[in-house]
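In what follows, a single structure is set out as structure tokens and then discussed.
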Amino acid sequence: MKAVFCQNAQFNVADLPEPVPGPGQVRIKVLRCGICGSDLHARHGIDSWADMAVKSGYDGFGRSSEQIVFGHEFCGEITEYGPDCRRRTSTGKPIVALPLLRGSKGVNALGFSAHAPGAYAEQMLVSEPLMLPVPNGLTPEVASLTEPMTVSLHAVRRGEVNKKTVAIVIGCGPVGLGVILMLKAKGVQAIVASDYSPGRRALAKACGADVVVNPAEASPFTARRSGITKMSNALNLAVTTLDKLGRLPIGWWHAMRLFEALGVRPKHPVIFECVGVPGVIASIIEGAPLFSRVVVVGMGDGAHQFSPFVACKKEIDLRFVGTYSPLEFRDTLHMLADGKVDPRPLITGTVGLEGVEGAFAALRDPETHAKILIDPYASEPGLAAQKLNAA
Ligand SMILES: [Zn+2]
């Protein structure tokens, strides 16, 4: 079978042996595979990720010297069951799967390990228990976005948003756009999106952002009234509140305890950091209103620096997200299949295996591309690109 592997940061299109499914494994024909920002990073930075993975207790991460077949965002068709499978879905049916493979070398990350080759290939292995049939005749293009959209759903859930939350999305690459789509699906009524690129801002609009901001021209934190922006206002509010409560015939502490029990808190936005570049968290802490909740989704590996003083005084609630649950994966698939979320604006091109190298180069330009899919059986390497409209 044909596959693309990465070794020493070079891509090679090669004929590799067709994978043979072991116990509990299923071989699939890959229909579509998304190119993820993580893949772009892994091409040159996989060793530093592998080092960090070792620190968190996983030693199966790929090394740059190994032949790694990327691809963890995929949709395929069942071609062969291995031994000890339950075979609940018939051969030939489309499926998606959580990107983990259980085999003789333990459980490994599909697309990031030499023990679990990914979907930049005509065929691959998945774990049967992690596989879900694609419902409702959902197209392979959209089904292959289940994985990245699950990351976005998880981020939004960790943000504990409600319909009245002002959500601010910093960075409108595929991750930020996914977050906007999921916020919209959750019924959030005020979504502010911020990106330097006019093309990305246009996509943010297409995904449902209510306000788009060029951070070179305006602050995303004041584009909508989302909370208290000045410390002096917060202090004023505290004194005024106590003054007002002091006029009640009961002790102010009784009233305050009641407010607490009811969950009354100062209004604050939920900010999604979807850039992943050093300096961004610091600038959010500086610019964000008091009591903001910041959800860090941008997973760069650069070292960040910020002063806790400002974050402490503002009571910034900083959260990090990097995984998701199988239930979120299943729910995302069904949200896509039921038409509750339509991620098609994200897809800006499709390439064959020969086009992977070109796609990686094209993805460096935020004006042109967001998500490029691989169709391993495409006869043309070509890049069906559409130039994004300027916002
Ligand atoms: Zn990904």
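Each ligand, and each atom within it, is numbered from 1 in the order the structure gives.
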Self-check item: With Pro135, the side chain to side chain contact (heavy atoms under 4.5 Å, CB included) member among Leu333, Asp338, Leu336
Solution: Leu333
Quiz item: Any donor and acceptor pair, going by atom type alone, linking the side chain of Lys314 with main-chain N or O of Ile285 inside 3.5 Å?
Solution: yes
Quiz item: What is the name of the N/O/S atom in Glu73 that sits closest to the Zn ion (ligand 1)?
Solution: OE2
Self-check item: Carboxylate-amine/guanidinium contact Glu128 Arg87, below 4.0 Å
Solution: no
Quiz item: How wide is the angle at the Zn ion (ligand 1) between SG of Cys36 and NE2 of His72, to the nearest 10°?
Solution: 110°
Quiz item: Counting distance only, does the side-chain N/O of Thr79 pair as donor-acceptor with the main-chain N or O of Arg27 below 3.5 Å?
Solution: yes
Quiz item: From Asp39, does some N, O or S atom reach closer than 2.8 Å to the Zn ion (ligand 1)?
Solution: no
